[in-house]
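To start, the structure itself, in structure tokens.
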Amino acid sequence: IERLRQLRTEASTAEGDVSFVRRMAQGRFDIVGHERSRRSGAAEDASIDVSGLLFDMPDILKDDDNGGEGGSRSGRHVEVLEPGKIALELGDQLDAVVSPSALAAVERLSEADLADLLDQLREFEVGLSQARRQLHDRIDMLQDEIARRYRDGEVTVDSVL
Amino acid sequence: SESELSTVWARFKETEKQADRDDLIVYYAPLVKYVASRIAAGLPQTVDQADLISYGMFGLIDAITKFDPERGFKFETYAVSRIKGAVLDELRSIDWVPRSVRSKAKSVERAMSKLEAQYHRPPTDSEIAEELDITETQLSNIYKQISSLGMVALDEMLAGGGSETLTFGDTLADRRDGPGMTYERAEVRQLLAQAINKMSEREKIVLTLYYYENLTLAEIGKVLGVTESRVCQIHTKAVLQLRSRFDA
Ligand SMILES: Nc1nc2c(ncn2[C@@H]2O[C@@H]3COP(=O)(O)O[C@H]4[C@@H](O)[C@H](n5cnc6c(=O)[nH]c(N)nc65)O[C@@H]4COP(=O)(O)O[C@H]3[C@H]2O)c(=O)[nH]1
Ligand SMILES: Nc1nc2c(ncn2[C@@H]2O[C@@H]3COP(=O)(O)O[C@H]4[C@@H](O)[C@H](n5cnc6c(=O)[nH]c(N)nc65)O[C@@H]4COP(=O)(O)O[C@H]3[C@H]2O)c(=O)[nH]1
């Protein structure tokens, strides 16, 4: 059981870091995407200057909960974790895709560059989401086994406390 | 662009120009998405995630203003806890938990604490209901009401104070035995483990599996052979019981 827990903890530590950078990538994508929709006139109240962007930030960053279905929760204990080693490494990769200056100057990007940046960000995010899903499968498989052992009485909570 | 970033930081710290500050805010804003969505996971759907993000943005701006790049710490690490603190502080200040539910929870805790002192063991639901002069059904409805508010409501601050908002969940589940684990925190964690040990079997199992094994409520339900919502109720009762011991 200890081995199982160790593998589970390793995987969930990695998963936490991947989820962290995934959210960073999604946020940057949505911020750059906001510029595109501003240009296409789609975001009517979106203004060109940074203060306008900051004003819009909550709407840009929030999850589109697809009509807010109540069940969009995994039902597990969720902590707000600080990024670990893997997160910082992946974060550097994300910085390579979109640098601080690029983000700051997004309204000065050409149409082509803007589209390009969005493609790269999307690609990076998709990669992270895939890795995250694989980690979920791995973790859930380990958790199933751990849960089974509790159910069958092979392990008790006293071993943990 | 590691160096590019540190250039922006250096420039901002030196000149304190709004423009540089804004660039940093835009650059780090997604941190708020991460924090807000994780906190939202513990709140009812009625709480608007966009609001949480705007609370978090203030925390981010505060973090950027206060951060000292010279110190050699990673900004993201510092910012995440500031943002989390800002969101939770604001939530508490707008007193989002309905007063009626809050007071019911308090009276259940008081009853639990009184009965525990009396019987030197965790009280049963029928004993608690009797003490509160309500039916067991009414008591179970109170548990349901509290559960429906989500984990954040239950997870009220422990050992108060300090820049770090310490919740039950964080303390119980903290696996970072490194620098993140201060002595006080380790001590509280120990006390909690002992307290959980003294609880009745079901509550003990639910708390341990949820916080220490990080199983989902559904997975715990399979272990106990009950529904997910039943597990949710047991969890609520268990946390109230823990709080009744610590608040006492
Ligand atoms: N309750 C819960 N459900 C989860 C979680 N992670 C994934 N899902 C579910 O699984 C679907 C696919 O997720 P994905 O492969 O990461 O693929 C995602 C991801 O790559 C991306 N995405 C998700 N959120 C955002 C966002 O805020 N901004 C951007 N730019 N992309 C996002 O869009 C894809 C589709 O997202 P959705 O339509 O939301 O559809 C999601 C969602 O229904 C989770 O932690 N909790
Ligand atoms: N082992 C395992 N772990 C899982 C699974 N799904 C999610 N997790 C992990 O559990 C955390 C909480 O998930 P949540 O309660 O659904 O809470 C989620 C969910 O409400 C929302 N979210 C994240 N991604 C999506 C998405 O793509 N679509 C939607 N609709 N919501 C999302 O943001 C919250 C936080 O997301 P994260 O920071 O990524 O944090 C997630 C992720 O690290 C899974 O199937 N197996």
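Predicted model only: the values in this text are computed from it and were never measured. Here is how names work: the chains are called A, B, and so on, in the same order as the sequence lines, proteins then strands, and each is numbered from 1.
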Most chain A-contacting option - heavy-atom pairs closer than 4.5 Å, from [options]:
options	result
B/L217, B/V80, B/T77	B/T77
B/N197, B/L215, B/L24	B/L215
B/G42, B/G225, B/S37, B/P44	B/S37
B/C232, B/S54, B/A41	B/A41

Do A/Q6 and A/R3 get their side chains close enough for a donor-acceptor pair, meaning under 3.5 Å? yes
In terms of heavy-atom proximity below 4.5 Å to chain B, should A/L88 be classed as side chain, backbone, both, or neither? side chain
A/D30 portion near chain B, given a 4.5 angstrom heavy-atom threshold: side chain
Does the side chain of A/M57 come within less than 4.5 Å of B/I25's, by heavy atoms? no
Let me know if [X] has heavy atoms under 4.5 Å from chain A in its side chain, its backbone, both or neither.
X	answer
B/A36	neither
B/L209	side chain
B/L43	backbone

Decide, yes or no, whether a salt bridge links [X] with [Y] under the criterion of side-chain N to carboxylate O below 4.0 Å.
X	Y	answer
A/E35	A/R38	yes
A/R138	A/E15	no
A/D144	A/R151	no
A/D137	A/R133	no

Test applied, side-chain hydrogen bond (donor to acceptor under 3.5 Å, both in side chains); reference residue, B/E213; option that passes from A/H77, A/R8, A/Q143: A/R8
With a 4.5 Å cut-off on heavy-atom pairs, point out which of A/A147, A/S101, A/G75, A/G27 contacts chain B the most. A/G75
Most chain B-contacting option - heavy-atom pairs closer than 4.5 Å, from A/P83, A/A104, A/G91, A/A105: A/P83
Is A/R22 close enough and on-axis enough to B/Y34, meaning under 6.0 Å and within 45°, for cation-pi? no
